[in-house]
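The next block holds one structure in the form of C-alpha cells; read it before the comments.
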Protein chains: 2
Amino acid sequence: MAPPPRITITQVAAEAGVSTATAGRALGGYGYASDEVAARVQAAARKLGYKPNMLARSLVTGRSQTIGVVAADIDNAFYARVLRGIGDVARSRGFGVILTNSDENLDREKEAVQLLLEKRVDGLIITPCDVHGSEHLRNLIAGGCPAVQIDRAAYDLAADSVTVDNRGAAREAVAHLLTAGHKRVGIIAELEQIDSGSLADFVAQAAVSPLTAETLYPSWQRLLGYLDAHRDAGVPVQTQLIRRAGAYSSAAARHEAVDLLESGARPTAVFAADGTMSQGLMQAIADLKISVPGQLSVVCFDDLDWMTFMQPAITSVHQPVHRIGSMAAELLLSRIAGETSMPKHNVLEARLNIRDSVGPPPH
Amino acid sequence: MAPPPRITITQVAAEAGVSTATAGRALGGYGYASDEVAARVQAAARKLGYKPNMLARSLVTGRSQTIGVVAADIDNAFYARVLRGIGDVARSRGFGVILTNSDENLDREKEAVQLLLEKRVDGLIITPCDVHGSEHLRNLIAGGCPAVQIDRAAYDLAADSVTVDNRGAAREAVAHLLTAGHKRVGIIAELEQIDSGSLADFVAQAAVSPLTAETLYPSWQRLLGYLDAHRDAGVPVQTQLIRRAGAYSSAAARHEAVDLLESGARPTAVFAADGTMSQGLMQAIADLKISVPGQLSVVCFDDLDWMTFMQPAITSVHQPVHRIGSMAAELLLSRIAGETSMPKHNVLEARLNIRDSVGPPPH
DNA sequence: CTGAAAGCGCTTACAG
DNA sequence: CTGAAAGCGCTTACAG
C-alpha cells in the first residue's frame, strides 16, 4: 500500500556494478560507454523500473526542457488552438509545456511570468497584455530568457513575435463588401485600449497620414484595414458606422450591433472584427430578425471557428491559428538552442473564406 | 548583452551576512527566523533580485508543486474549458500545470504520462483513452502518484473521477422530444469503441437487463439514456434510427445524418450526442435545406458551446465543463495534500437548455 | 533563533 | 572507456 520508493541512478549503477557517472552516461545518452556496459546498465534500469528525475538533471544542466506559455485566456478557441500548435511542436522535441492564463490582466501576467521563471522554463511564449511594453518583460529579455510574443507585439520589446496580418485581412474582408456594391458598411470591433487618443482622432489621423499597424492591438489593426478598404474604394468613411464594444464581450458587441442596426442610417453590411464580436453581431441579427444576406450582408472574423456551421454559412476571415502556435514554438526552440539573430516579427496571412452571407445591398 | 548570472540563495545569504540555512528559512517561510534577520535577508533578496529555483527546492522536498494534465485534445472546446477550470484552481493554490495531449492514442498517453512522471508532477489529471484500464495507469496509482480521471472512468482503476451524468442528460433530452409528441427520434452518436459486442447486441441487452453506465464511454452512456427515455415513454426503439458515426468526426456524423434524414422512415426529431456530432447534424440539415423546427426538431449535446448563437437557437444539453476541471483539480490537490479515503466517482449534472429547435412533429 | 554539515539525484570536468 | 570527486541550489535534521 505504501508507495514503493523511487529508483535512483545510484541503485541502477549498483545493480549494474558500475559508477553512477557511467550509469548516467549509458542512460542519458551523453558521454561514452562501451556497448557491453551500456547494455548491462540498461538491463539494470529496466529491471528496477528506473525513471530519470528530470528535476535533478535540470538543476545541474541548467536547462529544464520546458517552455512556459502565458495565454490571455485558454478558455477561448483561439488560444486553445495556439496551444495545440505549441504542444505539438514541444512534444515532438521532447519539451514539456507549462500553461498559465493572464486574463489580460497585468498583475496576473506578472505572477504567471514569475511562476514560470521559478520553474526555470527554458523560454516562454506570451500574449503581452500591454503592447506598450511592460518593464517586467523587458527585464525578462534582459535576463536572457528567450521569449516569443503571440497575437500582438509590444513595440519596444526586443523579442520575436508571431502575429496575423490583421490589417490586410480586414482590408480584404471589407473590400469584399464594398465590391459587392455596399456603400454603408458597419464595423463592430473591440477597440478597448486607446492607442492614439479618441476613436475619432484615430480615424482622422489615419485619413491624412499612413499609420503603421505593427504595434497596435489586433482590433485597432483591423479597424485600420477597414479604413484602408474604404480609401482604396473611394467610399467615404462614416464614423457612426464604426462601433466600439469597448470590451472583449459578446454582450457588449450585441448591444452595439443592435444600436447600429436600429439606427437611422442602418448599414447594408457589417464586418465583425473578431470571434466574440461576431457572436454579438449574430445575436443582434437574431434579436432583430434580420435576414442574411437578404437585408444585411455579413463578414466575420472567425477566431472561434464556428462560422462554417451556421446557417447561412458566414463569409469569414480564417486565421492560421494552429500555425501561430507551432511557429512560435519552433522559433522559441531555435532561440533556446542558441540560434542568435535579430528578433523578427513574423506576420502570417489570414484567408477570406467566401460563403453565403454576402449579397448585393437591398433595393 | 550576456545574460546576467542568476542570483542564488548563497549570494543572498552572503549579502545579508547569514548562513544559507537561515536565508532559506527567512525566504522560504519554513522554520524560524528573527524579525530582524528576516528583514535583512528579504532586503538582500530584493536588492539582488533573487528568484528561488523551484527545481532545487523540489529536488530536496520531493514535491514539485506542479500537476500534470493529459487531455485528449486541447484543440477542443471541452478540454479547453476543463483546462481553464484546472488552471484557475492550480493558480490559486500556487501550483503549475503541465499540459499534454493524448489524441485518444494509447502510445501518446503513455509517453505523456512518462514525461509528466519524469518532471515529477505531484499528481495528474487524465482522460484515460482506454476505459478498460491500461496497465500503465494502474502502475502509476500503485507507484503512489495521485490521479483524477476526467470525462470517463476506467472501470478497474482505483482513482477518483469527475464525469457528467451523460445517461441522465441524454434521457432528459430525448424525453423532451418524446413529450413533444415525436415517435421517431433519431440519434447520431460517436459509439466508436465497442463496449459490449455489436450495437444491436447492446440495444437488445439494454432492453432486457438494466445496464450500468459507470464504466462506459460517454457516447455509449448517452445512447443508454436515449434507450431509457424510450422505455420510460413506452415508445418502441427503432434500430435504424440509431446512427453511429464510428469516429469523433463531424464529417462522419454529417454523412450518417444525411443518410438518416434521407431514409424512407425519416425521423421527426434527432438527438445529436456530442458537440462534434451536432456539427455534422447541423451541416446535414443545411445540406438538405431542412427547416428547424418546422420539418425536424433537434436537441444537441453542446460540448462546443456554440448552439446558443445559431439560428434558430438550438435546445441543447449544457455540461458544467469548467466545474469538471475545477473539481478535478480540487480533488487532486486534496489527495496530494495527503487526504486519504476511498476513490470516489463524482458525477455532475448536465442542464437541458430549452430553445427554439423543438416543435411538434410535422402534420 | 542560527549555523555547519549532509544530502536530494543527477552531470561534469578531471584523472586514469 | 570508466570512476572518484565536486557541485547544481536548495532544505533538513542536528547541535548549539
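The basis for the numbers below is simple: all heavy atoms, side chains too, and nothing from hydrogens, waters or symmetry mates. Protein chains get the first letters and strands the later ones, always in sequence-line order, with residue 1 at the start of each.
In this structure B:R25 satisfies the salt bridge (charged side-chain N to carboxylate O under 4.0 Å, His left out) test with no other residue, sequence neighbours excluded. Taking B:R63 as the reference, nothing meets the salt bridge (charged side-chain N to carboxylate O under 4.0 Å, His left out) condition, with sequence neighbours excluded. Under the side chain to side chain donor-acceptor pair (under 3.5 Å) criterion, A:N53 pairs with no residue at all, not counting sequence neighbours.
Taking only side-chain nitrogens and oxygens, B:T22 comes nearer than 4.0 Å to OP1 or OP2 of C:dG3. Contact annotation: B:S34 side-chain N/O to C:dC1 OP1/OP2 distance is not under 4.0 Å. For C:dG3, one of the phosphate oxygens OP1 or OP2 lies less than 4.0 angstrom from a side-chain nitrogen or oxygen of B:S19.
When rounded to the nearest whole Å, the span between CG of A:L55 and P of D:dC10 equals 13 Å. Rounded to a whole Å, the OH atom of B:Y32 is 17 Å from the P atom of D:dA15. Atom CE in B:M54 sits about 15 Å away from atom P in D:dG9, given to the nearest Å. Distance CG (B:L27) to P (D:dC10): 9 Å, rounded to an integer number of Å. Between the P atom of D:dC10 and the CG atom of B:L59 lies a distance of 12 Å, rounded to the nearest Å. Atom CD in A:Q11 sits about 9 Å away from atom P in C:dC10, given to the nearest Å. Atom-to-atom, CD of A:E118 to C1' of D:dG9 comes out at 14 Å; the value is rounded to the nearest Å. Regarding A:R40, its CZ atom lies at a distance of 11 Å from the C1' atom of D:dT2, rounded to whole Å.
The residue among B:V37 and A:N53 whose nearest nucleotide of DNA chain C lies closer to the 5′ end is B:V37.
Between B:R81 and A:D75 there is a salt bridge, since a side-chain N of the basic residue sits under 4.0 Å from a carboxylate O of the acidic one.
Crowding of A:Y32 atom OH: a count of heavy atoms from other residues, nucleotides or ligands under 6.0 Å not exceeding 12.
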DNA chain C base-pair string [pairs: Watson-Crick or G-U under 3.5 Å; |: paired with another strand]: |||.||||||||.|||

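Screening residues 131-158 of chain A for salt bridge (Lys or Arg N to Asp or Glu O under 4.0 Å) gives A:E104-A:R152, A:R138-A:D156 as the qualifying pairs, with residues at least two apart or on separate chains. Among residues at least two apart or in separate chains, salt bridge (Lys or Arg N to Asp or Glu O under 4.0 Å) pairs with a member in residues 33-47 of chain B are B:E15-B:K47, B:E36-B:R40. For residues 86-103 of chain B, the set of pairs meeting the salt bridge (Lys or Arg N to Asp or Glu O under 4.0 Å) definition, not counting sequence neighbours, comprises A:R84-B:D103, B:R84-B:D88, B:D103-B:R108.
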N/O to N/O distances under 3.5 Å, protein versus nucleotides 11-13 of chain D:
| residue | atom | partner | partner atom | Å |
| --- | --- | --- | --- | --- |
| D:dT11 | OP1 | B:R57 | NE | 2.7 |
| D:dT11 | OP1 | B:R57 | NH2 | 3.0 |
| D:dT11 | OP2 | B:Y30 | OH | 2.4 |
| D:dT11 | O5' | B:Y30 | OH | 3.1 |

Distance-only criterion, 3.5 Å: show the donor-acceptor pairs between side-chain atoms of residues 94-101 of chain A and protein atoms not counting sequence neighbours.
| residue | atom | partner | partner atom | Å |
| --- | --- | --- | --- | --- |
| A:T100 | OG1 | A:V69 | O | 2.9 |

